[in-house]
A.B. asks: 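Dropping the structure in here first, questions after.
A, B, ... follow the sequence lines: proteins, then strands. Residue 1 opens every chain.
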2 protein chains.
Amino acid sequence: MEVTAYAKDCPSRQILDRIGDTWSVLIVVMLADGPQRYTALSKKIQGVSPKMLTQTLRGLERDGLIIRTVHAEVPPRVDYQLTELGQSLLGLVRALEQWAETHIEDVQRARVVYDNPGVKADYAYSAK
Amino acid sequence: MEVTAYAKDCPSRQILDRIGDTWSVLIVVMLADGPQRYTALSKKIQGVSPKMLTQTLRGLERDGLIIRTVHAEVPPRVDYQLTELGQSLLGLVRALEQWAETHIEDVQRARVVYDNPGVKADYAYSAK
DNA sequence: CCGCATCCTAGTGGATACTG
DNA sequence: CAGTATCCACTAGGATGCGG
């Protein structure tokens with residue numbers, strides 16, 4: 001997209017880039033209940049390729065949201081857990097879920113109305 | 001990305017797709033102070049192509065977040081304003097901005113540390 | 001077990017020129 | 001003024017096979 005000027009170094013944009021990333025959010029949520037191993041994550045998060053899983057985990061680690069721990073064992077064992085910062089982000093994600101659950105029906109109704117031009121809405125969307 | 005199973009119809013995912021979209025968020029913020037015309041938006045939102053602006057506006061309209069009003073004048077005048085739902089979403093965006101401003105420094109420090117393996121952090125990130 | 005390297009494709013989005 | 005149409009470049013991300 002290569003956005004301009006102020007968008008690049010804008011704190012909100014940087015956070016949005018992370019929040020907007022499907023896998024990142026899913027992983028953060030998965031780690032909510034405690035540390036998880038790589039394999040466990042790959043199983044729980046249906047449809048993620050190893051490539052994306054690793055890539056996303058690296059990104060989260062880089063941003064200080066999770067900690068990667070390698071246990072000196074054979075076979076190797078690695079687990080991931082949220083940092084305090086990650087926990088904090090989780091709070092934001094929860095707020096988002098909350099909003100989503102509260103308003104998703106409104107959104108879906110709006111879509112139906114929009115996609116069926118003939119159909120009259122039996123209620124109106126009011127401006128602010 | 002073509003995510004899986006539960007991710008598709010998950011309310012949070014649908015909202016995240018919108019929240020994660022750069023232009024959508026920018027437009028919502030731009031409309032915070034009241035209705036805006038197409039041209040005004042294109043000027044204020046540096047770097048957006050007409051294609052993306054229109055496309056994003058349509059998406060927001062479809063989701064019931066904004067209202068598009070065509071005034072029967074010559075030359076044509078169209079303006080966009082937030083719905084109540086859009087206002088509500090704006091609240092969520094503000095929360096996000098808040099979090100971003102509060103924690104962006106932590107994230108940036110984490111990145112520096114991560115990108116410079118040699119450098120020792122003079123503080124630690126603690127697990128939960 | 002954990003993950004990296006490579007290849008490859010499909011969709012996103014930018015630039016530009018044109019129209020009701 | 002407010003878009004649409006066309007073309008094209010880019011890159012995210014899936015598949016696969018190998019390495020520590």
A.B. asks: How many whole angstroms separate atom CE of A/M52 from atom C1' of C/dA5?
C.D. replies: 16 Å
A.B. asks: So, for B/L90 and B/A32, which heavy atoms are closest and what is the spacing to 0.1 Å?
C.D. replies: CD2-CB, 3.6 Å
A.B. asks: To the side chain of A/W23, which of D/dG14, D/dG3, C/dG3 is closest?
C.D. replies: D/dG14
A.B. asks: Rounded to the nearest 0.5 Å, how far does CZ of A/R37 lie from NZ of A/K44?
C.D. replies: 12.5 Å
A.B. asks: How many whole angstroms separate atom CG of A/L41 from atom P of C/dC1?
C.D. replies: 15 Å
A.B. asks: Please report the distance, rounded to the nearest Å, between CZ in A/R77 and P in C/dG3.
C.D. replies: 13 Å
A.B. asks: Please give me the minimum heavy-atom distance between A/L53 and A/S42, naming the atom from each residue.
C.D. replies: CD2-CB, 3.6 Å
A.B. asks: At under 4.0 Å between heavy atoms, which parts of nucleotides 15-20 of chain C does protein reach? Answer with one letter per nucleotide, 5' to 3': B base, S sugar-phosphate only, - none.
C.D. replies: BB---B
A.B. asks: Taking atom P of C/dG11 as reference, at what distance in whole Å does atom CG of B/D17 sit?
C.D. replies: 16 Å
A.B. asks: Within this structure, what is the CG-to-P distance between A/D21 and D/dG13, rounded to whole angstrom?
C.D. replies: 6 Å
A.B. asks: Side chains of B/D63 and B/R18: does their closest heavy-atom pair fall under 4.5 Å?
C.D. replies: yes
A.B. asks: Rounded to the nearest 0.5 Å, what separates atom CG in A/L57 from atom CD1 in A/I66?
C.D. replies: 4.5 Å
A.B. asks: With sequence neighbours excluded, give me every salt bridge (Lys or Arg N to Asp or Glu O under 4.0 Å) pair touching residues 89-103 of chain B.
C.D. replies: B/R94-B/E97
A.B. asks: Can you check the B/D79 CG to D/dC1 P distance for me, whole Å?
C.D. replies: 15 Å
A.B. asks: Does D/dC1 have its OP1 or OP2 closer than 4.0 Å to a side-chain nitrogen or oxygen of B/R37?
C.D. replies: no
A.B. asks: C/dG3 phosphate, OP1 or OP2: any side-chain N/O from A/R58 under 4.0 angstrom?
C.D. replies: yes
A.B. asks: Taking only side-chain nitrogens and oxygens of A/R68, does any of them come within less than 4.0 Å of OP1 or OP2 of C/dG3?
C.D. replies: yes
A.B. asks: Measuring to OP1 and OP2 of C/dG3, would you say a side-chain N or O of A/Y80 lies under 4.0 angstrom away?
C.D. replies: yes
A.B. asks: Could you check how far CD of A/E73 sits from P of C/dC1, rounded to whole Å?
C.D. replies: 13 Å
A.B. asks: Expressed in angstrom and rounded to an integer, what is the separation of A/H71 atom NE2 from C/dG3 atom P?
C.D. replies: 11 Å
